[in-house]
Every structure is written in C-alpha cells, then in structure tokens.
Amino acid sequence: MRDPVTYAKSLVREMTSHAVGQAIASGALPEAEIPDYVVEIPNETMHGDFAVNVALVGARVFRQSPRAVAESVVKNMQLHPLFSDVQVAGPGFINFFLGQSYYSETIAEILKSGQAYGRTDHGGGDRVMVEFVSANPTGPMHLGNARGGALGDCIAALLNAAGYSVSREFYVNDAGNQIDKFGLSLEARYLQLYRDDIVFPEDGYHGDDITEHAKAFAAQYGDGYAELPAEARREALVAFALPKNIEAMQQVLHDYRIDYDTWFFESTLHKDGTVQKVMDLLTARGYTYEQDGALWYRATDFGAEKDEVLVKSNGFFTYFAVDIAYHYNKFVRREFDRVINVWGADHHGHVARMKGALDALGIGGNRLDVVLMQLVNLVRDGEPVRMSKRTGKAITLTDLLEEIPLDAARFYFVMREYTSHFDFDLGLAVKKDKENPVYYVQYAHARICSILREVAARTNEDADDADLFLLDTEPERSLIRQLSLLPSEIVAAAAECEPARITRNAIDVATAFHKFYEHCRVLCDDADLRRARIALCTATRQVLGNVLALLKVQAPETMEQLAL
RNA sequence: GCGCUUGUAGCUCAGUUGGAUAGAGUGUCUGGCUACGAACCAGAAGGUCAGGGGUUCGAAUCCCUUCAAGCGCACCA
C-alpha cells in the first residue's frame with residue numbers, strides 16, 4: 001500500500017483481465033485478444049473510484065454491444081476484498097468502488113510512513129541532472145530566472161521523491177562573448193572615472209551595477225590600471241567583478257531556498273580541452289565540414305533546417321559548440337542517465353539541434369529533456385509592470401523577493417503549468433486572504449495544528465490504535481481518497497516535469513480538509529470516533545506538510561507564524 | 001515566409017495518455033460563527049471549449065484549415 005492508487009489500479013487491471021478471460025472460457029464472450037484498455041479515476045464520484053473501458057474498446061472484437069460485454073465481464077468478476085462493489089454503467093463502463101479497508105489502510109500507511117509518505121522508488125535510483133536558471137553572470141537576475149528557479153528546484157524535488165538520484169546544477173557562462181562585453185563595459189566605466197573622452201560601448205551593459213563594480217575596483221586598486229595594456233586591465237576588472245556577481249547570485253538563490261549541488265563553469269570546458277575534443281569527435285564521425293573559413297556541423301543530417309557553425313572564421317567556438325561539449329560532459333564524463341534543462345521559451349529553436357547533436361555524438365538526444373518555460377509578465381492590479389518603483393530599472397529577482405513573501409513567490413511560479421504565458425499579479429501575491437491559494441493551503445495546515453493542540457490540551461489521547469473503519473462518511477472518505485493520491489501524483493508530476501500538478505494537489509487536499517472540518521467534529525463525544533478523526537487529522541497534516549516541503553513552502557503551525 | 005507555445009465561464013486556470021451531464025477558484029447574488037481557527041463552508045447564476053471541416057460507438061483532447069496572441073528563425077549567447 002505504499003502507493004494506494006497504483007496498488008488499487010493494478011488490482012482493478014488484474015480483476016478485469018481475469019474476468020474477461022473467464023468470460024471467454026465460459027463462452028459468454030467469443031475467443032479474441034483482449035484489447036488495450038485504461039483504468040482511470042472518474043470525474044464523478046458516483047461513477048466509482050476506478051472505471052475500466054474494456055467493454056467499450058472491446059465491443060468490436062467481441063462482436064457484442066459494449067453493455068453486453070460489460071455485463072459478461074462483471075458476471076465473471078471476482079472482487080478483491082479491497083473493493084466493495086463493481087457495476088456496469090453508462091454506455092458500458094465498468095465502475096469499481098473501494099471498500100472501507102482501502103480508507104483505513106491508507107491512513108495507516110500515511111501515519112506509518114510519516115515524512116516518507118509520497119516517496120516511491122519509481123525512478124530506480126537513475127541519475128538525473130536538473131540544470132536550471134544558469135543566468136548570465138554579467139548582471140542581476142530577472143523575473144524569468146525567478147520562474148525558472150522555482151520550477152527547476154521543484155522538478156528536482158519531485159524527481160527525488162519519485163526515486164531518482166538528482167543533482168541540481170547551475171551553468172556559469174564565464175567565458176565567451178558576453179564576458180568580453182562585460183570586460184569592455186567595466187573598462188569603460190573604470191576609465192570614465194579618470195577621463196572625459198571615454199565612449200561607452202553601444203552594446204555594452206548599461207546597468208548601474210557595472211559602474212558600482214568599476215568604482216569599487218578603483219577604490220581598491222586606484223588608477224594604476226588606467227595605464228596598463230587594455231587586455232590586462234579588462235582581465236583584472238573581470239577577475240574582480242565576476243566572482244562578486246556569482247557570489248551575489250548564490251546568495252539571492254539561497255534566500256530563494258535554492259541550493260545547487262554544482263556550479264559548473266563554462267571556462268573549465270575550454271581549459272581541459274573538452275570543447276576541442278568534442279569538435280574532433282564530430283569531425284571523426286563525419287558530421288562537420290569547412291566552409292568560408294569556419295567549421296560547420298551537418299545539423300541537416302539530423303532533421304534541422306540548416307547547418308550550424310561550430311568554429312567561427314576568427315577561430316573562436318560558437319555558443320552552440322560549447323554547449324554540445326557541456327552536454328557531452330554531462331552524459332559521458334559525469335555519466336548522468338538523464339538530463340533535464342529548464343530553458344526560457346525564447347530558446348526553443350535551440351532544442352532540436354541540441355538533441356540532434358547528441359544523436360550525432362552517439363549519446364542519444366532522447367536522454368535530454370528540455371522544459372521550455374514561457375516567460376512571465378508582471379502585473380499589478382491588472383496593469384503591466386515593467387520597472388521597479390524603487391530603482392526605476394527592470395525588476396530583478398531581488399526586487400521581487402523584497403516585495404512579496406517568499407512562500408507566495410515559490411508557490412505562484414509553479415502554480416501554473418510551465419507552458420502557460422502567465423501574469424504574475426503582485427497585488428494578489430501579497431494578499432493574505434482567501435483569494436490567495438498559498439494561504440488557503442497554509443491555513444488548512446495551521447487549522448489542523450490548532451485542532452491537535454486542542455486535543456492535547458483537553459484529552460491527551462493517543463490515536464495510535466484508533467479504529468479507522470469508523471471514518472466512513474463522505475467528507476471523510478473524500479478526504480482520504482485525496483490523501484491517497486499523493487504518491488502517484490508525485491510520480492506523474494515528475495514524469496511530466498510539472499510541479500503545477502502538486503500545487504493543485506495541495507489545494508485539493510486543503511479543500512477536502514476544510515469540507516471535512518465543516519461536516520465532522522473532531523472533538524466529538526464518541527471516544528472511538530474522536531480517536532479515528534484525530535488520526536485522520538494527523539495524516540492530513542502529514543500530507544500537507546510533505547507536499548509543502550516539496551515546494552519548499554512553509555507549513556505553519558499558526559497563521560501568526562506567517563507574519564513576515 | 002517557416003517553426004515553437006498558447007486560445008475553455010466576466011477574470012485566472014484545470015480537464016489524468018479519445019470517455020459518462022466540460023470542472024475549480026475568483027468576481028456577482030444568497031445563506032451559515034454561544035462547540036475544535038469564518039484566512040472557512042453551503043447554494044444560485046455564468047459556456048458557440050477561438051471559427052470551420054474531418055476521423056469513430058464517442059472529440060475540449062487526434063488530423064486538416066482559417067483567425068488571434070507571445071516567442072524564435074546570426075560566423076549572438
């Protein structure tokens with residue numbers, strides 16, 4: 001029962017297949033191969049807990065109406081004790097109803113597993129890397145990084161809970177063009193401190209942070225670098241500013257509750273020769289050619305519309321070449337079974353050629369999954385917000401976290417599916433009322449804690465040996481049914497790389513609990529029922545706590561705790 | 001021009017690999033606190049699933065097409 005839903009579904013499948021076999025053996029159905037059918041959870045509870053469509057998809061091969069097939073199957077069905085009933089309904093669905101033992105065993109399982117409830121070994125320990133954010137280290141992080149950060153971090157947590165061995169990684173682009181630009185920008189700001197005739201590069205980084213770096217550098221080293229050769233000057237400035245930027249990113253992300261296993265530096269791929277090695281590998285495999293002084297990769301051999309440059313005619317590698325080398329490093333050098341990259345949707349053109357390049361290397365592009373996240377629009381009370389009120393510049397991750405609670409930020413960025421172009425409403429995120437789903441879920445947790453405090457104060461009862469069969473009203477069963485979904489929901493969310501499934505699950509659990517609270521008094525006079533309901537509250541608190549932990553959102557014991 | 005993503009209630013979004021009467025939240029209207037937290041619950045109203053074709057027992061879901069929005073199509077990263 002570690003995963004109640006999956007277990008019950010497998011029983012349904014066994015019972016159904018066996019019953020069809022029996023029906024054929026008894027002559028009720030003609031000899032035929034059992035068609036593929038699905039076991040699903042119906043939308044309506046009156047349609048049972050699980051529904052099977054074998055009669056609908058099998059009507060043709062059995063040459064009978066769906067209802068007739070269903071009747072024959074049900075007639076030959078031996079019901080497992082976990083179920084209380086099976087019925088034919090609608091056009092020919094076979095509906096299964098869970099018995100009370102399912103509900104009591106689910107609660108027992110949750111209480112026994114505790115923090116481990118929801119975790120499975122589905123992934124078999126496969127090594128998966130989740131690379132996310134990987135923001136350009138030449139400046140502060142923006143809102144897209146905020147969504148990508150919450151998304152990647154939650155995907156990693158989900159994979160971990162689903163039984164994968166997960167590594168979180170940040171790729172630091174500390175080489176190449178944008179670092180040159182960074183150096184030129186720093187140099188211009190530095191020299192401007194001493195001379196009037198310095199023109200700032202048109203395509204340089206115009207942010208104040210560049211000027212701040214230059215001033216700090218000047219404060220520490222004076223004007224000595226103004227007279228040195230430009231190359232040495234820029235190198236010193238970059239060596240001064242880049243680590244500061246990286247450290248700042250680490251700090252902000254840490255504040256955002258994201259801690260990486262690895263900060264991987266692009267420069268190491270150049271230094272240890274990986275980039276050149278991978279170029280040679282592609283050439284040896286016959287997938288490159290030279291033209292116009294550049295080295296080209298035959299992307300068209302792998303379905304792309306045009307070939308791509310790997311080595312520019314000036315001798316430098318393209319970003320694409322380095323990225324191929326980076327992924328070679330992930331799969332071959334570091335032996336990850338799977339890699340998940342969280343990219344902004346504006347990189348979608350890069351996906352097919354990256355996978356193609358992995359095919360070209362014989363690694364297999366299907367081992368790479370790219371989560372293409374749509375970009376975020378910031379709105380306040382329906383109006384688009386482009387700039388920070390405080391700084392007048394584009395809103396950074398730091399600005400955002402100063403304005404809205406951390407819990408709201410983490411929850412909101414994964415609440416919508418990553419394919420949705422969504423508007424982040426600053427007005428809504430700070431609201432501490434029922435409009436805000438974060439508080440709705442947290443309130444449910446605090447409410448349970450409050451009840452359990454009350455229990456401790458009044459009765460000090462032990463619910464360990466409670467008779468869980470007493471939890472048989474609809475609000476109770478409906479809540480337990482919701483609790484039982486968690487392990488399979490985590491597996492599904494991990495498979496889809498979609499944390500939004502889990503935020504929805506959290507909201508659904510909270511809803512089911514609030515309804516239970518409304519209809520069933522926990523501190524009732526019947527001592528047996530009381531103990532059973534205490535056990536249900538404890539189990540619900542555990543599930544909410546486990547889900548919120550996956551999302552890295554606080555599970556408060558009182559709402560006052562949330563005052564931030 | 002080609003490609004990717006999206007289009008479902010006034011608004012924000014679900015819809016579990018094609019299933020039963022398309023669901024939540026919010027907003028509007030109405031009701032519920034002298035018992036465990038009303039940051040909650042219950043009810044009403046609200047739909048041409050962007051439009052049009054097709055596939056089949058059955059389509060919001062799959063195929064074709066039109067329209068609309070966002071984003072890509074560099075010897076940038």
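Just so we're on the same page: letters track the sequence lines, and every chain starts at 1.
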Please table the atom pairs, donor to acceptor, closer than 3.5 Å between any side-chain atom in residues 489-505 of chain A and protein atoms at least two apart or in another chain.
| residue | atom | partner | partner atom | Å |
| --- | --- | --- | --- | --- |
| A:Glu489 | OE1 | A:Arg501 | NE | 3.2 |
| A:Glu489 | OE2 | A:Arg501 | NH2 | 3.1 |
| A:Glu496 | OE1 | A:Arg501 | NH1 | 3.4 |
| A:Glu496 | OE2 | A:Arg501 | NH1 | 2.7 |
| A:Glu498 | OE1 | A:Ala500 | N | 3.1 |
| A:Glu498 | OE2 | A:Tyr418 | N | 3.2 |
| A:Thr503 | OG1 | A:Ala500 | O | 2.9 |

Checking all strands, does [X] fall into the base, sugar-phosphate, or nothing category for heavy-atom contacts under 4.0 angstrom?
| X | result |
| --- | --- |
| A:Asp36 | nothing |
| A:His514 | sugar-phosphate |
| A:Cys449 | nothing |
| A:Leu310 | nothing |

Is there any salt bridge (Lys or Arg N to Asp or Glu O under 4.0 Å) pair reaching into residues 508-519 of chain A, and which pairs are they, with sequence neighbours excluded? none
Residues in side chain to side chain contact (heavy atoms under 4.5 Å, CB included) contact with A:Asp280, at least two apart in sequence or another chain: A:Gln276
Among A:Asp323, A:Ile324, A:Val322, which residue meets the side-chain contact (heavy atoms from CB on, under 4.5 Å) test with A:Tyr326? A:Asp323
Centroid-centroid distance, A:Phe97 to A:Phe50, less than 6.0 Å: no
Reading nucleotides 68-77 of chain B from the 5' end, what letters show protein touch, with B for base, S for backbone sugar-phosphate only, - for no heavy atom under 4.0 Å? ---BSSSBSB
Where along residues 51-68 of chain A does a heavy atom come under 4.0 Å from RNA chain B, residue by residue in number order? A:Ala51, A:Asn53, A:Leu56, A:Val57, A:Arg60
Can you list, by residue number, the residues of residues 480-504 of chain A that have a non-hydrogen atom closer than 4.0 angstrom to RNA chain B? A:Arg504
Could you give the side-chain donor-acceptor pairs of residues 522-531 of chain A under 3.5 Å, partners two or more places apart or in another chain?
| residue | atom | partner | partner atom | Å |
| --- | --- | --- | --- | --- |
| A:Asp526 | OD1 | A:Asp528 | N | 3.0 |
| A:Asp526 | OD1 | A:Leu529 | N | 3.2 |
| A:Arg530 | NE | A:Glu461 | OE1 | 3.0 |
| A:Arg530 | NH1 | A:Cys524 | O | 2.8 |
| A:Arg530 | NH2 | A:Glu461 | OE2 | 2.8 |
| A:Arg531 | NE | A:Asp462 | O | 3.3 |
| A:Arg531 | NH2 | A:Asp465 | OD1 | 3.1 |

From [options], pick the nucleotide closest to the side chain of [X]?
| X | options | value |
| --- | --- | --- |
| A:Tyr517 | B:A20, B:C36, B:C41 | B:C36 |
| A:Ser450 | B:U6, B:G15, B:C36 | B:C36 |
| A:Arg458 | B:C36, B:A20, B:C4 | B:C36 |
| A:Glu417 | B:U5, B:C4, B:G15 | B:G15 |

For residues A:Thr138 and A:Asp209, report the shortest heavy-atom separation together with the two atoms involved.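 Minimum heavy-atom contact is O-OD2, 3.8 Å.
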Within a strict 4.5 Å, meaning less than it, do heavy atoms of the A:Phe513 and A:Leu544 side chains meet? no
Are the side chains of A:Asn173 and A:Gln178 in contact, using a 4.5 Å heavy-atom criterion? yes
Paired with [N] by Watson-Crick or G-U wobble geometry, both distances under 3.5 Å: which nucleotide is it?
| N | result |
| --- | --- |
| B:C29 | B:G43 |
| B:A38 | none |
| B:C4 | B:G70 |

Kindly state each residue pair satisfying side-chain hydrogen bond (donor to acceptor under 3.5 Å, both in side chains) with at least one member in residues 294-306 of chain A, sequence neighbours excluded.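 Output for this query lists A:Thr300-A:Asp307, A:Lys306-A:Glu308.
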Is there any side-chain hydrogen bond (donor to acceptor under 3.5 Å, both in side chains) pair reaching into residues 41-68 of chain A, and which pairs are they, with sequence neighbours excluded?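 Residue pairs with at least one partner in residues 41-68 of chain A: A:Asp49-A:Arg481.
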Under 3.5 Å, which protein N or O atoms sit close to an N or O of nucleotides 42-45 of chain B? Give each pair with its distance.
| residue | atom | partner | partner atom | Å |
| --- | --- | --- | --- | --- |
| B:A42 | OP1 | A:Lys515 | NZ | 3.3 |

Taking the cut-offs as 6.0 angstrom to the six-membered ring centre and 45 degrees off its axis, would you call A:Lys312 and A:Phe317 a cation-pi pair?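 Pair A:Lys312/A:Phe317 does not count as cation-pi.
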Using a cut-off of under 3.5 Å, enumerate the N/O to N/O pairs linking the protein to nucleotides 30-34 of chain B.
| residue | atom | partner | partner atom | Å |
| --- | --- | --- | --- | --- |
| B:G32 | N2 | A:Glu518 | OE2 | 3.4 |

Determine whether the aromatic ring of A:Phe93 stacks with the base of B:A20, defined as ring centroids separated by less than 5.5 Å and ring planes inclined by less than 30°. yes
Rounded to the Å, how far apart are A:Glu454 CD and B:C36 P? 8 Å
With A:Arg447, which residues qualify under salt bridge (Lys or Arg N to Asp or Glu O under 4.0 Å), at least two apart?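 A:Arg447 satisfies salt bridge (Lys or Arg N to Asp or Glu O under 4.0 Å) with no residue once adjacent residues are dropped.
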